[in-house]
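Written out below as structure tokens is the structure these notes cover.
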Amino acid sequence: MQNEITEDKLFPFDKIEPKWQKFWRDNRLFNVDTANAKDKYYCLMMFPYPSAALHVGHGRNYIIGDAVARYKMMRGYNVLTPMGFDAFGLPAENAAIKSGIHPETSTLNNIRTMKSQFNRWGVEYDWDREVVSCLPDYYKWTQWIFLKLYEKGLAYKKKAFVNWCPSCKTVLANEQVVDNACERCSSEVMQKDLEQWFFKITAYAPRLLKDIDKLTEWPERVKTMQRNWIGISRGVEIDFKIDGSDEKLACFTTRVDTIYGATFMAIAPEHPMAQRLIKGAKDELRILKEIQKMRDVSKIERSDANVEKEGAFTGRYVINPVNGNKIPIYVANYILMEYGSGAIMAVPAHDQRDFDFAKKYKLPITLVIDDPKNPLNVADMKEAYVEEGVMVNSGEFNGISSSVAMEKVADYFEAKKFGRRSTQYKLRDWLISRQRYWGAPIPIIYCDKCGTVAVPEKDLPVRLPHDVEFRPTGESPLKFAKDFVSAKCPKCGGAATRETDTMDTFVDSSWYYLRYITPKTSDRPFDTATVDKWLPVDQYIGGVEHAILHLLYSRFVTKFLHDIGCVGFDEPFKNLFTQGMITKNGVKMSKSKGNTVSPDDLINEYGADTVRLYTLFIGPPEKDAEWSDKGVEGAFRFLGRVWRLVESVRKSGVVPVTSENLSKEEISLKRKMHLTIKKVTGDLEGGFHFNTVISSIMELVNESYDLMGKNINAIGSAVMHESVETIITLLAPFVPHISEEMWQMIGKKNSIFRSPWPEFDKDAIVEDIITIPVQINGKLRTKVEVPLDIKDEALKEMVLADPKVKTWIGAGAIKKFIIVPKKLVNIVI
RNA sequence: GCCGAAGUGGUGGAAUGGCAUACACGCCGGUCUCAAAAACCGGUAACCUCACGGUUGUGUGGGUUCGACUCCCACCUUCGGCACCA
């Protein structure tokens, strides 16, 4: 690959890189004293699951983070950039079932491998703060958070239909089900009626939604996803009196304006009143069977919009409060028990689902909102009219627009006490139980006498036993660990048993960013004062795949900790950056697709700086990008070019300090240099535009070469020395090893990361003579060179005297003469 | 269906009301060399023209403006999220 002749043209990355990696570590460049540091900057990357080997696609996240951290360091901040491992979870356990290697062993091995990969990338962290979620000194505090939630009634156990992955043999949170399939293994998810632990995240739904507005520095798409997931609906909850009973049936509607058009009621098959309503009906048994049939279909299957609507008449009626009409009550498969009150008023004329149902069961359809443009006729309607319109058949509300009626009817309902305004959310409580081994045990004890008892804080952690048969059976493997299960009741001291489910790993990852601040505290999860000093996180960087799960759960846990006085802020992440993924052959890089590119091979061939530079140059970092091996070579060539430039300038000898009497070319290079500083700094401050940052540094390198080509004596000039120094400094955050080395080559003693970022000089950017494009009727025709401070009149005269302009104008009359100062001239003829 | 993001050379992309295609990849040519590689220099949107130069051109169709990749309206396509949520 590298023959003798080319050898000396390259830069010796294989020597440079280990040298500086050691230097940074020996000099503790990335270690921060969180208690005393001023001008803090908390740069956080989502901590990874420890997997066997990282590919260049994974690398993007860490390289971006490292570049940000190093840049902020050069801007004078005390940058905290910690790293840890989200170390509990299914893959290690599944691998263990296959290979027989204990999850702890494989996890800790993988962590070691990953750390050495970070090291080779030149990605540095404050390793004194490493957090590993599967170690007892960490999960002790995960359990502590559970206990605090339990204390406040926000962790509770209930029997519920839950998502069950038959392959992973565990339950899943709603957030972990994607297209009816397990997020992890893609098996089709089933429903099971199980008793499980939940966190009451729904209690925080209004705040989680409202505070999204505070997250001004989050990507819009992430905020939208969270809004959709929380899913707010405003409407009215109506109490319908059941005919022949004192009982009421509550239902939620967002379209109270259509109340006069309600022609039937529909309740979910699971509705608690269903059994009672049908009691005594003459074909009670048949109805019961039909309801049972609906319940037997899995909820997920049932919630598919394409499933045929099914229903059964209960034989009972409710009274419509506005007009006293008797409305039949149906049990229907399209009603979800979890949303609203599990019952709806059906308005077939103005809701497509109700329309379909009414057509099938031949129920009446009453039009109450008419289309002002094309008046409707029920007999001709092929689908529900769901738009706004004019109220008809609606008593005193006739004639007004439906949007106005929406409020008036709601007011009327509240005045008459028929119902009340209400807000509903789609968000469901967070199911945290898992019937698996490799997770944090839920700190609960069951006593025959005292019932469910929380493990006292002093007894934490509830240790995960090491030797357990963890083959998945559908029941928690811990159930079969006798020593683990048997416990003393903390209340009465009697024999009791432990909860054997473990916690969802998203609980572990919902608070790790707090632990980094004071990672060694052993009497509490973190020190509040220090955490309040460092958080919210200044910059969070990670993949968009966590837009809902991790980011929503972390926001919830932070708000909870805020409410119990453990932290002073209620949003954990001020700035969020979600990087795009790296594709190869058009698809996401992954081991299963067989299209991964190994960083190790590339680092051996080109060095880490080349891989880093290419990764940052590949495109806008928030967008997906296609990996190109040719592009890597281009990055490598560029670094070689910079290296040779620095070498030539260094060899040229002592720098003349004066920058007076500069040649025209030198002035031009100096201007370019200051423009580059301006552009690079602006592009970094205004977002992470690494691709344009690098291209503008390339331009400066090209111009420096141009000057050398034009004037060999320029190599030794002050301007050239300055330019080279600037190039090295601007490149440092991206290609740290070669930058440190070149920095030393030009005689600097300090680490470049303890040297200041360059400032641009306004005066050096100003040009005396500027080129002004001249347009005629908006089309570029020529350019004129004029002094910067030329007066409009003089400019006009000069432009009109230009022979090209004269030709173009010809005999035409000038209608307008537009001058954009220092930018452009446009003549309209 | 609803919400969000995007659409620019052969390729990745740059320019957010003022010179479209910076920078890089690829390709073509030159210098050096016995030769090659590397390096350095130059060219590279399409069409017309020997050339000078001109015309067209940022998904499509309209509009605003002296001037539009950029703003407005309508649409098409791709990607991502949500979806029987009353």
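Every heavy atom of this structure was used, including side-chain atoms; hydrogens, water molecules and symmetry mates were not. For clarity, every value in this text was computed on a predicted model and none was experimentally measured. Just so we're on the same page: letters track the sequence lines, and every chain starts at 1.
Between the CD1 atom of Ile694(A) and the P atom of rA22(B) there is a distance of 18 Å, given to the nearest Å. Note: CD (Glu220(A)) to P (rA6(B)) measures 11 Å, nearest angstrom. Rounded to an integer number of Å, the gap from CZ of Arg641(A) to C1' of rC41(B) is 10 Å. A straight line from CG of Asn691(A) to C1' of rG13(B) spans 7 Å, rounded to a whole angstrom. Taking atom CD of Glu310(A) as the reference point, atom P of rC84(B) lies 17 Å away to the nearest angstrom. The CZ atom of Phe636(A) sits 13 Å away from the P atom of rC25(B) (whole-angstrom rounding). Rounded to an integer number of Å, the gap from CD1 of Ile548(A) to P of rC3(B) is 17 Å. rU8(B) atom C1' lies 11 Å from atom NZ of Lys623(A), rounded to whole Å.
The glycosidic torsion of rG80(B) lies more than 90° away from 0, which places this base in the anti conformation.
With a 3.5 Å ceiling on both atom-pair distances, the Watson-Crick or G-U wobble partner of rG61(B) is rC73(B). rU44(B) is paired with rG26(B) under the criterion used here, namely a Watson-Crick or G-U wobble arrangement in which both key atom distances are under 3.5 Å. Across all strands shown, rA51(B) forms no Watson-Crick or G-U wobble pair with both distances under 3.5 Å. Here rC66(B) sits opposite rG18(B) as a Watson-Crick or G-U wobble pair (both hydrogen-bonding atom distances under 3.5 Å). The partner of rC82(B) is rG1(B), by the rule that a Watson-Crick or G-U pair needs both atom distances under 3.5 Å.
By the 30° and 60° cut-offs, the orientation of the rings of Phe264(A) relative to Tyr330(A) is perpendicular. Taking the six-membered ring where the residue is Trp, Tyr361(A) and Phe357(A) present tilted rings, their angle falling between 30° and 60°. The aromatic rings of Phe636(A) and Phe13(A) lie perpendicular to each other, with more than 60° between the two planes, well past the 30° mark. Classification of the Tyr385(A)-His350(A) ring pair by plane angle, with boundaries at 30° and 60°, yields perpendicular.
Looking at which nucleotide of RNA chain B each of Val820(A) and Asp351(A) is closest to, the 5′-most match is held by Val820(A).
For residues 227-234 of chain A, proximity to RNA chain B is found at Asn228(A), Trp229(A), Ser233(A), defined as any non-hydrogen atom under 4.0 angstrom from a strand atom.
Phosphate contact (OP1/OP2 of rA6(B), side-chain N/O of Arg221(A), threshold under 4.0 Å): absent. Taking side-chain N and O atoms only, Asn333(A) has no distance below 4.0 Å to OP1 or OP2 of rC84(B). Side-chain nitrogen and oxygen atoms of Arg781(A) include none within less than 4.0 Å of the OP1 or OP2 phosphate oxygen of rG67(B). OP1 or OP2 of rU56(B) has at least one side-chain nitrogen or oxygen of Lys779(A) nearer than 4.0 Å. Applying the 4.0 Å criterion to OP1 and OP2 of rG18(B), one finds that Lys823(A) has every side-chain N and O outside that range.
For Arg227(A) and Asp213(A), the salt-bridge test passes: some basic side-chain N is under 4.0 Å from an acidic carboxylate O. Remark: Lys679(A) does not engage Glu699(A) in a salt bridge, criterion side-chain N to carboxylate O under 4.0 Å.
Distance check on atom P: rC69(B) versus rG62(B) gives 15 Å, rounded to whole Å.
You won't find any donor-acceptor pair under 3.5 Å spanning the side chain of Lys815(A) and the base of rC66(B), going by distance alone.
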